[in-house]
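Ligands are counted one by one from 1 in listed order, and the atoms in each one are counted from 1 as well. Heavy atoms only: backbone and side chains are in, while hydrogens, waters and symmetry mates are out. Predicted model, so just to flag it, every value in this text is computed and none were measured.
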Amino acid sequence: MLDSVPESTTSPRILVLAGDGIGPEIVAAARRVLDTVGSFDYEERLVGGASIDELGTPLSDEVLEDCRAADAVLLGAVGGPKWDSTDPDAPRPEQGLLGLRKGLGLYANLRPVKPLAALIDASPLRRDRIEGTDLLVVRELTGGIYFGRKERTATTASDECLYSSEEIDRIARIAFEAARRRAGDGGGGRVTSVDKANVLETSRLWREVVSGIAADYDDVELDHMLVDNAAMQLVSDPSRFDVIVTENMFGDILSDEAAMLTGSLGMLPSASLGGEGPGLFEPVHGSAPDIAGTGVANPLATFLSVAMLFQHGLDRPEDARRIESAVEAALDDGLRTPDLRSGAEGEREAGTAEMTAAVIAAL
Ligand code: IPM
Ligand code: MG
């Protein structure tokens, strides 16, 4: 009998890194969403500025080890003016995030951009420009200029950008696989590989390797685009894109740009995957120190990151869809955090708590 089955002792373990600024608020809201969908064991740990204050380092070895042992890592945001410094030796909150990515081997960052119908008028772009947009940025996350050798003298500084063909190969395959999956049985997926091959040697290697892999995916169309052109096309004709694959820094910049298509940077979720261990799930936006503690932070990108956690981290796609639908329902109801206001009729101003309650009610 069902009643006699002992209670499962294998709730997924989620390592929670709230971080700084609005991080603790949005992560607390996300935990409420998680608790509505299932049962989880949480462990909270410090990262970023909070960890610098407490432990003198943005990411301790113990925390990295605890992350490795979890089923998924949920992160809020890191950083803030309190820790801003031009001193090259001062610890910076962002090093915590970069250390997690590198330490967990998370080389693939997925940032889906799909403007929701209810928010089309909140986008700075005209409706006819963004309608039909549904793209995925696949950003390389553990190589390039972010992780190259850094040098500094009193009057000069350099950041090395290094890529190996293996690093390019594995991220390109993630992009081709994603395009194939998104296209479904009908085929017709497209990968746009973004580089700066007219200037950078790393980009020329990138282009060569990506072109070579295309032969293994003859059902997926491949085109190459220079990054400046891609930045322009993202605002002039975003619906032309399907999967964009690009190196670490180009992906950082283009994904913020693409995020605005959805009406607010506060809507874009992300999953960082790759290594043997758990994935890391976090909103793309930052720690918004200016609104921290005021109760108006938009928690939706974090909820959508939780949906990605269900999809990619726990292999529970139906729970992912449930959360996405609940987010849409709250927006369809007219609820808007300040960052999402467009002034259209029927909008109702909501803070983090009201938005969270509405999403949970819709679950
Ligand atoms: C992002 C962020 C980070 C990055 C910062 C906080 C280091 O902008 O995840 O896009 O540059 O990768
Ligand atoms: Mg960024």
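- In this structure Arg204 satisfies the side chain to side chain donor-acceptor pair (under 3.5 Å) test together with Glu201, sequence neighbours excluded.
- No side-chain donor from either of Asn248 and Tyr107 sits under 3.5 Å from a side-chain acceptor of the other.
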Evaluation steps, salt bridge (Lys or Arg N to Asp or Glu O under 4.0 Å), between Arg13 and Asp41
CA-CA 5 Å; Arg13 279 166 312 158; Asp41 286 338; over 6 Å; no
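- Other residues, nucleotides and ligands place more than 12 heavy atoms under 6.0 Å from the CD atom of Glu318.
- Ion pairing between a basic and an acidic side chain is recognised when a charged N comes within 4.0 Å of a carboxylate O; Arg173 and Asp169 show such pairing.
- The CG atom of Leu74 sits 9.0 Å away from atom CZ of Phe281, with the distance rounded to the nearest 0.5 Å.
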Contact table ligand 1 N or O to protein N or O, d under 3.5 Å:
unit_1   : atom_1 : unit_2 : atom_2 : d
ligand 1 : 8 (O)  : Asp252 : OD1    : 3.2
ligand 1 : 9 (O)  : Arg101 : NH2    : 2.7
ligand 1 : 9 (O)  : Arg111 : NH2    : 2.9
ligand 1 : 10 (O) : Arg111 : NH1    : 3.2
ligand 1 : 10 (O) : Arg111 : NH2    : 3.1
ligand 1 : 10 (O) : Arg139 : NH1    : 3.3
ligand 1 : 10 (O) : Asp252 : OD1    : 2.9
ligand 1 : 11 (O) : Tyr146 : OH     : 2.5
ligand 1 : 11 (O) : Asp252 : OD1    : 3.4
ligand 1 : 12 (O) : Arg101 : NH1    : 2.7
ligand 1 : 12 (O) : Arg139 : NH1    : 3.2
ligand 1 : 12 (O) : Arg139 : NH2    : 2.8

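- No more than 12 heavy atoms of other residues, nucleotides or ligands sit less than 6.0 Å from atom NZ of Lys114.
- Residue-and-atom listing of protein N/O/S atoms under 2.8 Å from the Mg ion (ligand 2), sorted by chain and number: Asp252 OD1.
- Between Tyr163 and Trp206, the ring planes lie perpendicular to each other; the angle is over 60°, past the 30° to 60° tilted range.
- Under a 4.5 Å side-chain heavy-atom criterion applied to ILVMFWY residues, the cluster that includes Met249 comprises Leu98, Ile145, Tyr146, Phe147, Ile253 as well.
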